[in-house]
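Below, each value reflects all heavy atoms present in this structure, side chains not excepted, and no hydrogens, waters or symmetry copies. Keep in mind the model is a prediction, meaning the values are calculated, not measured.
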Amino acid sequence: MLEEVERWLADRSWSAADRPLDQLLDRKRAAGTTVSVVLPALDEEATVGAIVEVVRRDLIEGLPVPLVDELVVVDSGSADRTAEVAAKAGARVVHRDEILPRLPALPGKGEVLWRSLLATHGDIVCFVDADLRDFSAAFVSGIVGPLLTDPDVHFVKAMYDRPLGDTPGQGGRVTELVARPLLNLHWPQLAGFVQPLGGEYAVRRSLLERLPFPVGYGVELGLLVDALHTVGLDALAQVDVGVRLHRHQDGQALGRMAAAIYRTAQVRLSRGHLVRPELTQFERGPEGFVPRTYPVDTEERPPMAGIEEYALRRVA
């Protein structure tokens, strides 16, 4: 590990307990900083309501100053009751297609995160996946904390244990097999991130609006790499929030995720043309293995600061 990364681990890795809630509320009140929490959601009726309820109960209601000013669920086309459940629990629900309607929406999580910048107003934007179980408010307060207390920090990732079933530490298979090797080989300054692909991170809006967003699974790696090049390693940090429990995807879905992440890394390494942005996988059928070919995300949205509607909103 680079000496620079060893120093960064000592200086920029914290626990959620290092910043008590009352300290964060004092800093927030003094600075007048606003915080938006965004949950991108697709068919998450089983979990999204409980997450919204915890954020409202622990970080909005009953506090002298709410830590969270805005709680938004962006629904990307759920076929279940995700939107209904989230609204009943107290979130503002916005459909992906209602945001920036002049641009037809592309499928993918990154698309939803990019559009959410137009649907929110907070100085700090905190993204939280909507499939988490046994959710703790520390997932939000922990990663927002350094942004409220340290003006030199611009981007904070959550770190946590990821059990696979009853086996501790075996989650994050794409992280270990794809993302971590890529980062260690090509961006060794980022080798200290425990969960580089985690969906829980808080970022200053002033940084987010300057970054391109891969529209699919590559969004987390893309934002992290681009943030490094934009603001430098010392502006990045991570906070231990405990244990992350969520729905695990099957091996083929993980393969598609891995291909998108590799593509995102490739674009950042060369900015060159992809020869074949497709991934073929195999499924066993009645007569043997059947090939299934899927497109690999090749689209990216430009920095939001260059979008006319966003610029007009800021002037207004």
Side-chain angles (χ1 to χ4, degrees), residues 1-14 108-110 113-114 125 127 129 143 146-147 150 152-160 162 171-204 206-241 244 254-275 277 279 296-304:
M1 184 176 290
L2 296 175
E3 183 178 338
E4 178 184 9
V5 176
E6 292 181 353
R7 179 191 54 76
W8 177 85
L9 278 169
D11 295 342
R12 287 289 188 259
S13 294
W14 298 293
K109 177 184 178 183
L113 300 185
W114 181 72
V125 182
F127 297 122
D129 282 349
I143 58 178
L147 298 170
D150 191 335
D152 294 327
V153 174
H154 291 259
F155 189 120
V156 183
K157 296 278 293 190
M159 57 177 167
Y160 33 68
R162 294 184 67 180
R173 289 162 287 173
V174 176
T175 293
E176 299 303 330
L177 297 174
V178 181
R180 200 176 307 286
L182 282 171
L183 293 176
N184 276 264
L185 289 170
H186 300 296
W187 295 281
Q189 288 178 298
L190 298 176
F193 277 94
V194 176
Q195 297 291 351
L197 299 185
E200 291 69 48
Y201 46 104
V203 193
R204 297 192 191 279
S206 57
L207 173 58
L208 278 176
E209 64 188 14
R210 297 159 60 194
L211 301 179
F213 277 61
V215 300
Y217 286 126
V219 63
E220 270 80 34
L221 184 134
L223 290 177
L224 188 60
V225 169
D226 291 343
L228 172 68
H229 291 306
T230 303
V231 294
L233 182 60
D234 283 341
L236 314 181
Q238 60 185 347
V239 173
D240 188 347
V241 297
R244 185 184 198 268
L254 293 178
R256 296 191 288 275
M257 181 185 299
I261 289 166
Y262 180 80
R263 189 279 312 176
T264 300
Q266 182 190 42
V267 169
R268 275 149 184 79
L269 285 169
S270 65
R271 297 293 172 180
H273 176 67
L274 284 176
V275 176
L279 174 70
V296 174
D297 297 318
T298 58
E299 297 289 340
E300 295 197 9
R301 291 303 192 184
M304 186 59 79

*Could you go through the side chain to side chain contact (heavy atoms under 4.5 Å, CB included) check for W8 and Q238 one step at a time?*
CA-CA 10 Å; W8 177 85; Q238 60 185 347; 3.6 Å; yes
_Any residue meeting ring pair (Phe, Tyr, Trp, His ring centres under 6.0 Å) with W14, in chain and number order, not counting sequence neighbours_ =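 Counting only residues at least two positions away or on another chain, W14 forms no ring pair (Phe, Tyr, Trp, His ring centres under 6.0 Å).
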If you define the side chain from C-beta out and look only at heavy atoms, does anything of [X] sit under 4.5 Å from [Y]?
X: P196; Y: T175; value: yes
X: D234; Y: R7; value: yes
X: L147; Y: V153; value: yes
X: D129; Y: R244; value: yes
X: P303; Y: P212; value: yes

Taking atom [atom1] of [X] and atom [atom2] of [Y], what is their separation to the nearest 0.5 Å?
X: Q189; Y: H229; atom1: CD; atom2: NE2; value: 8.0 Å
X: L236; Y: L224; atom1: CG; atom2: CG; value: 6.5 Å
X: L221; Y: W187; atom1: CG; atom2: CH2; value: 6.0 Å
X: L211; Y: E300; atom1: CG; atom2: CD; value: 11.0 Å
X: L269; Y: L182; atom1: CG; atom2: CG; value: 7.5 Å
X: L113; Y: F213; atom1: CG; atom2: CZ; value: 6.5 Å

*Note: E220-K109 ion pair, threshold 4.0 Å (strictly below)*: yes
*Looking at D152 and R12, does any basic side-chain N land under 4.0 Å from a carboxylate oxygen?*
no
_Chi angles and distances behind the side chain to side chain contact (heavy atoms under 4.5 Å, CB included) call for M304, W114_ = CA-CA 7 Å; M304 186 59 79; W114 181 72; 3.7 Å; yes
Looking only at non-hydrogen atoms, find the nearest pair between [X] and [Y] and report the distance.
X: K157; Y: G198; result: NZ-O, 2.8 Å
X: I143; Y: V156; result: O-CB, 3.4 Å
X: V239; Y: P146; result: CG2-CG, 3.7 Å
X: T264; Y: P214; result: CG2-CG, 3.9 Å
X: V194; Y: R180; result: O-NH2, 2.9 Å
X: V5; Y: P188; result: CG2-O, 3.4 Å

*Could you please spell out the steps behind the side chain to side chain contact (heavy atoms under 4.5 Å, CB included) verdict for D226 and R268?*
CA-CA 8 Å; D226 291 343; R268 275 149 184 79; 2.9 Å; yes
*Polar side-chain atom of R173 near backbone of V178 as donor-acceptor pair, under 3.5 Å*: no
*Who passes side-chain contact (heavy atoms from CB on, under 4.5 Å) against Y217, sequence neighbours left out?*
Q249, M257, A260
*With A191 via side-chain contact (heavy atoms from CB on, under 4.5 Å) - residues at least two apart*: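 Partners of A191 under the side-chain contact (heavy atoms from CB on, under 4.5 Å) test: N184.
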*Does the side chain to side chain contact (heavy atoms under 4.5 Å, CB included) test come out yes or no for H154 and T230, once each step is laid out?*
CA-CA 10 Å; H154 291 259; T230 303; over 6 Å; no
*Measure up the F155 and Y201 rings against each other and bin them: parallel (under 30°), tilted (30 to 60°), perpendicular (over 60°).*
parallel
